[in-house]
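Take a look at the structure below.
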Amino acid sequence: MFGFRPLPPGVRSRKRATRALFISHGSEGTPEGRSLALLRKWLSPSQREQFGRKSYFEVVGSDSGRRYRIHAGASVNVCEIDEKGCLQEGLCFMPIGALPIGDVMLAQKIALETCEREVRTVARRFTPNGFHFRQIRPLG
Amino acid sequence: MAIQIVMDRTGDSRHHFNSHDAQELAKAEQRFYELTKVGFTAAVRTGPGQVCQIRSFDPNAEETVFFPRLVGG
């Protein structure tokens with residue numbers, strides 16, 4: 001009635017693949033794209049895989065051995081998790097200056113993996129909920 | 001060629017230098033201390049996904065990333 005027809009087999013997956021390709025490569029010239037490329041380069045293979053699949057990756061704190069999840073975002077995006085992967089306390093900290101998302105996340109990774117105690121001293125605490133960590137779009 | 005990557009609002013600024021050239025090495029060392037003096041943290045990769053903070057210039061570091069001082073949000 002409205003002229004909608006189902007897409008032929010294969011077209012939808014091609015569209016999805018094209019979109020993914022655009023997101024991963026088309027934005028390399030933008031600050032955000034450049035920062036995400038640098039982040040991916042510095043992640044471990046398992047962190048990279050996790051980031052690509054879930055839009056977050058996990059790191060281990062250098063001093064306590066606690067696990068933290070760094071979600072895609074530039075603030076209110078880090079959360080301590082327990083051994084079952086449940087969200088615990090949220091930590092809000094970031095480098096000064098208006099840095100793109102990938103740079104912020106890489107700085108957070110390096111800081112937690114090398115100077116966790118100092119991070120916990122400067123970070124503002126928050127109680128995490130689903131709203132803080134909702135997935136907006138794939139970045140990994 | 002070694003590289004120093006300084007995070008900024010454009011993503012990053014990249015400074016390539018030849019670590020076998022004394023003049024370029026001196027310039028890279030100067031940049032390192034200028035940045036760390038104003039609060040930047042310097043880090044290098046020690047393995048896949050493994051990172052390490054450095055507090056003094058490492059002439060053998062292939063890639064060094066600098067990010068600004070951290071603050072609470």
Side-chain angles (χ1 to χ4, degrees), chain A residues 27-51 57 59-60 62 73-78 90-115 118-126, chain B residues 1-21 24-25 27-73:
Chain A
S27 61
E28 295 284 307
T30 66
E32 187 181 87
R34 281 160 51 84
S35 70
L36 287 167
L38 182 66
L39 171 66
R40 280 186 219 106
K41 196 174 161 194
W42 277 59
L43 292 178
S44 70
S46 61
Q47 287 172 333
R48 201 177 302 128
E49 190 269 335
Q50 191 177 35
F51 186 43
F57 57 88
V59 300
V60 177
S62 58
S75 65
V76 201
N77 65 318
V78 180
L91 298 176
C92 184
F93 66 100
M94 72 285 285
I96 54 171
L99 298 184
I101 284 178
D103 284 353
V104 173
M105 295 173 73
L106 177 55
Q108 290 169 332
K109 166 191 155 69
I110 294 170
L112 285 168
E113 289 180 340
T114 60
C115 55
E118 285 123 87
V119 168
R120 293 190 69 89
T121 306
V122 299
R124 182 177 64 81
R125 308 295 201 270
F126 67 94
Chain B
M1 286 291 264
I3 185 169
Q4 291 177 322
I5 301 171
V6 186
M7 290 183 186
D8 58 29
R9 62 179 58 205
T10 68
D12 54 69
S13 300
R14 295 176 181 231
H15 306 276
H16 295 268
F17 63 95
N18 180 355
S19 53
H20 301 297
D21 182 316
E24 289 190 22
L25 200 61
K27 206 172 163 186
E29 183 172 10
Q30 187 187 348
R31 187 181 300 113
F32 180 96
Y33 289 112
E34 279 173 4
L35 288 167
T36 51
K37 194 176 168 187
V38 295
F40 277 77
T41 299
V44 293
R45 278 189 294 173
T46 52
Q50 292 182 322
V51 292
C52 171
Q53 256 193 57
I54 53 170
R55 294 179 204 286
S56 55
F57 179 67
D58 179 359
N60 299 313
E62 279 294 304
E63 188 175 80
T64 308
V65 156
F66 298 83
F67 62 85
R69 185 167 54 84
L70 293 173
V71 292

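Computed over heavy atoms, backbone and side chain alike; hydrogens, waters and symmetry mates excluded. In what follows, chains carry the letters A, B, and so on, assigned in the order in which the sequence lines appear, proteins first and then strands, with residues in each chain numbered from 1.
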Testing the basics here: between [X] and [Y], what is the closest heavy-atom pair and its distance to 0.1 Å?
| X | Y | result |
| --- | --- | --- |
| B/Val71 | A/Ile96 | CG1-CG2, 3.4 Å |
| A/Pro100 | B/Gly11 | CG-CA, 3.7 Å |
| A/Arg34 | B/Thr10 | NE-O, 3.2 Å |
| B/Gln53 | A/Cys115 | NE2-SG, 3.0 Å |

Determine yes or no for a side-chain-to-main-chain donor-acceptor pair under 3.5 angstrom, with A/Arg124 supplying the side chain and B/Gly72 the backbone. no
Under 3.5 Å: donor-acceptor pair, side chain of B/Arg45, backbone of A/Lys41: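 Indeed, once roles are kept as given, a pair shorter than 3.5 Å links the two residues.
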Identify which part of [X] has an atom lying under 4.5 Å from any heavy atom of chain B, answering side chain, backbone, both or neither.
| X | value |
| --- | --- |
| A/Ile110 | both |
| A/Val59 | neither |
| A/Ala107 | both |

Picking from B/Pro68, B/Gly73, B/Cys52, which has the most non-hydrogen pairs under 4.5 angstrom with chain A? B/Gly73
Rounded to the nearest 0.5 Å, what separation is found between the OG1 atom of A/Thr114 and the CD1 atom of B/Ile54? 11.5 Å
Atom pair CG/CZ of A/Asp103 and B/Phe67 - distance to nearest 0.5 Å: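 So the CG of A/Asp103 and the CZ of B/Phe67 are separated by 11.0 Å.
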What do the steps show when you test A/Met94 against B/Leu70 for side chain to side chain contact (heavy atoms under 4.5 Å, CB included), and what is the final call? CA-CA 5 Å; A/Met94 72 285 285; B/Leu70 293 173; 5.7 Å; no
Answer key: most heavy-atom pairs under 4.5 Å with chain B among A/Ala98, A/Ser35, A/Ala123 is A/Ala98
Before giving the answer on side chain to side chain contact (heavy atoms under 4.5 Å, CB included), spell out for A/Trp42 and B/Val51 the whole-Å C-alpha distance, their side-chain angles and the decisive distance to 0.1 Å. CA-CA 8 Å; A/Trp42 277 59; B/Val51 292; 3.5 Å; yes
A/Arg125, CZ: over 12 other non-hydrogen atoms inside 6.0 angstrom: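 Yes, enclosed.
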Report yes if some heavy atom in the side chain of B/Arg14 is under 4.5 Å from a heavy atom in the side chain of A/Leu38; otherwise report no. yes
Tell me, please, which residues at least two apart from A/Glu49 pass salt bridge (Lys or Arg N to Asp or Glu O under 4.0 Å).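 In terms of salt bridge (Lys or Arg N to Asp or Glu O under 4.0 Å), with neighbours along the sequence ignored, A/Glu49 is linked to A/Arg53.
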